[in-house]
Amino acid sequence: MSRGEAGGVLRSCLSVEEDLQDVRVPQASIRTAAAQVCSALNAQSLQKWSDELLHPRPDLHAEDFIASWIFLVSVLNFSFWSERQEGRYAVQWRSGCDGKGDETKLHTGYWSLLACLHRAREEQGDIIVWPKWYANASDAQLAHLFRSDSPEEIPLLDERMKVMREAGQVLLESYKGTFVNMIQEAQCSATRLVQLLTSQIASFDDRAELNGKQVLLHKRAQICVAETWAAFGGKGLGRFDDIDEITCFADYRVPQMLHQLGALVYSDELITKLENLANMPNKSREEAEIRVGTILSVEALRAEVAKRLVDEQRKPPNAIELDFYIWTLAKSRESAGTLTTLPHHRTRSCYY
């Protein structure tokens with residue numbers, strides 16, 4: 001795959017836009033949603049990567065550690081949703097790392113992953129973030145790393161063990177055991193790094209098919225690049241000259257929030273399935289349509305937000321920053337009990 005083809009997530013989604021049956025992006029509502037986003041952005045600045053309580057501070061760690069942390073988290077960043085109302089998978093650890101929070105709390109969802117990795121670092125040292133350790137760790141060692149402090153175990157434990165070993169082995173065999181070498185091989189190209197990840201590590205090659213057309217989604221590969229860019233402030237290891245080619249990361253929460261904002265519309269049939277918490281297999285038509293619609297909606301929203309902020313002589317957010325904002329908004333509304341939209345779709349997959 002060439003450098004240009006590697007940036008084809010948006011292009012492939014646009015190629016199937018006319019084929020979507022149950023999902024559409026309402027252009028009139030995009031303008032209303034953009035007004036809401038701009039209003040919120042006027043009231044708050046976009047958060048820095050290191051401001052997140054469970055993100056390690058780049059100023060306190062070597063670059064190689066930060067890059068290795070981001071890679072491992074990206075390898076494991078999938079399927080944290082639960083059918084349970086209470087007792088879902090949770091990890092008890094401090095509220096923050098590197099002095100950002102000392103009180104103990106139960107972490108759920110994505111934050112449970114970060115908490116269990118920090119807990120393992122405390123118990124075994126930073127060795128756990130290096131491919132040499134996790135590519136060769138035993139089932140018992142990895143199960144202990146992911147152990148739960150609630151009645152529910154982590155979803156897809158066997159799959160997590162498999163993808164850790166697969167990804168770790170690729171870095172050991174081709175990149176001398178460090179993600180830094182893969183980043184450097186990409187030569188400051190975000191799309192090239194996505195291509196390296198998706199072509200060499202099977203669990204990163206996230207795609208679907210709609211109406212006989214291949215659609216690239218690449219959620220975890222793109223977020224790995226985005227986290228690297230954000231953590232290093234777009235400099236050094238985080239310099240990517242084509243970072244704006246990265247799209248949003250089509251998962252569960254972003255489409256749910258887009259629907260609440262009116263930036264994504266579903267058919268009555270799809271709404272009924274979502275309300276009934278129906279299982280949607282990975283790569284099924286409806287699941288693929290939701291994810292494609294998510295990417296197209298955020299692109300439309302980004303263009304509309306850009307128009308408004310340029311008029312105010314402000315730099316508009318790229319798709320990464322907009323995705324981070326929408327995902328955080330969804331989680332904050334969920335915590336506050338104001339996320340009143342449809343339930344998110346139910347798909348168990350290592351891809352997101």
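Any value given below was found using the heavy atoms of this structure, including those in side chains, with hydrogens, waters and symmetry copies removed. Just so you know, these numbers come straight off a predicted model, no measurement behind them.
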Donor-acceptor pair between [X] and [Y] side chains, under 3.5 angstrom:
X      : Y      : answer
His61  : Asp98  : yes
Thr347 : Ser349 : no
Tyr134 : Gln169 : no
Thr247 : Glu299 : no
Thr191 : Asp242 : yes
Thr104 : Gln92  : no
Glu103 : Ser95  : yes
Arg220 : Ser74  : no

Cation-pi, [Y] ring and [X] (6.0 angstrom, 45 degrees):
X      : Y      : result
Arg192 : Phe240 : no
Lys283 : Tyr351 : yes
Arg302 : Tyr325 : no

Pair Phe204 and His218, ring centroids less than 6.0 Å apart
no
Are Gln27 and Val25 close enough, and set up right, to give a side-chain contact (heavy atoms from CB on, under 4.5 Å), and what steps lead you there?
CA-CA 6 Å; Gln27 293 303 319; Val25 178; 3.9 Å; yes
Using side-chain hydrogen bond (donor to acceptor under 3.5 Å, both in side chains) as the criterion, point out the one residue from His118, Glu123, Gln124 that pairs with Arg121.
His118
Note, [X] side chain near [Y] side chain (heavy atom, < 4.5 Å):
X      : Y      : value
Thr294 : Asp251 : no
Val298 : Val254 : yes
Leu171 : Thr178 : no
Pro131 : Phe179 : no
Thr32  : Glu304 : no
Leu145 : Cys116 : yes
Gln21  : Ser267 : no
Leu113 : Phe146 : yes

If Ile, Leu, Val, Met, Phe, Trp and Tyr residues are connected whenever their side-chain heavy atoms lie under 4.5 Å apart, and connections chain through other members, are [X] and [Y] in the same group?
X      : Y      : value
Val225 : Val73  : yes
Leu277 : Tyr89  : no
Val265 : Val23  : no
Ile70  : Ile127 : yes

More than 12 heavy atoms of other residues, nucleotides or ligands under 6.0 Å from [atom1] of [X]: is that the case?
X      : atom1 : value
Lys176 : NZ    : no
Glu18  : CD    : no
Lys162 : NZ    : no

Determine whether Tyr175 and Gln184 satisfy the following criterion, side chain to side chain donor-acceptor pair (under 3.5 Å), listing intermediate values before the conclusion.
CA-CA 10 Å; Tyr175 295 98; Gln184 291 174 340; over 6 Å; no
Using 0.5 Å steps for rounding, measure from the [atom1] atom of [X] to the [atom2] atom of [Y].
X      : Y      : atom1 : atom2 : value
Leu197 : Asp205 : CG    : CG    : 10.5 Å
Gln222 : Leu216 : CD    : CG    : 9.0 Å
Tyr252 : Phe80  : OH    : CZ    : 10.0 Å
Asp19  : Arg285 : CG    : CZ    : 11.0 Å
Leu274 : Ile271 : CG    : CD1   : 7.5 Å
Asn279 : Lys273 : CG    : NZ    : 10.5 Å

Ring geometry between Tyr352 and His345 (parallel below 30°, tilted from 30 to 60°, perpendicular above 60°)
tilted
Evaluate the ring planes of His55 and Trp111, with Trp represented by its six-membered ring, and classify them as parallel (under 30°), tilted (30 to 60°) or perpendicular (over 60°).
tilted
Could you go through the side-chain contact (heavy atoms from CB on, under 4.5 Å) check for Val215 and Leu217 one step at a time?
CA-CA 6 Å; Val215 182; Leu217 298 163; 4.2 Å; yes
Salt bridge or not for [X] and [Y], using N-O below 4.0 Å?
X      : Y      : result
Arg165 : Asp139 : yes
Glu334 : Arg253 : yes
Arg94  : Glu122 : yes

For Asn318 and Glu321, run side-chain contact (heavy atoms from CB on, under 4.5 Å): C-alpha distance rounded to whole Å, both residues' side-chain angles, the deciding distance at 0.1 Å, then the answer.
CA-CA 5 Å; Asn318 60 24; Glu321 294 165 319; 3.4 Å; yes
Can you check side chain to side chain donor-acceptor pair (under 3.5 Å) on Ser12 and Gln214, steps first, answer last?
CA-CA 7 Å; Ser12 69; Gln214 283 288 309; over 6 Å; no
Verify side chain to side chain donor-acceptor pair (under 3.5 Å) between Arg57 and Ser50, making sure each step is shown before the conclusion.
CA-CA 5 Å; Arg57 285 172 50 185; Ser50 58; over 6 Å; no
Set of residues satisfying side chain to side chain contact (heavy atoms under 4.5 Å, CB included) with respect to Ala306, sequence neighbours excluded:
Pro316
Tell me, with the steps shown, if Asp241 and Arg239 meet salt bridge (Lys or Arg N to Asp or Glu O under 4.0 Å).
CA-CA 6 Å; Asp241 298 335; Arg239 176 188 163 187; 2.9 Å; yes
Please walk me through it: do Ile246 and Val194 pass side-chain contact (heavy atoms from CB on, under 4.5 Å)?
CA-CA 9 Å; Ile246 299 298; Val194 169; 3.9 Å; yes
Could you check Arg119 against Asp149 for salt bridge (Lys or Arg N to Asp or Glu O under 4.0 Å), going step by step and ending with a plain yes or no?
CA-CA 12 Å; Arg119 179 179 63 186; Asp149 290 311; 3.1 Å; yes
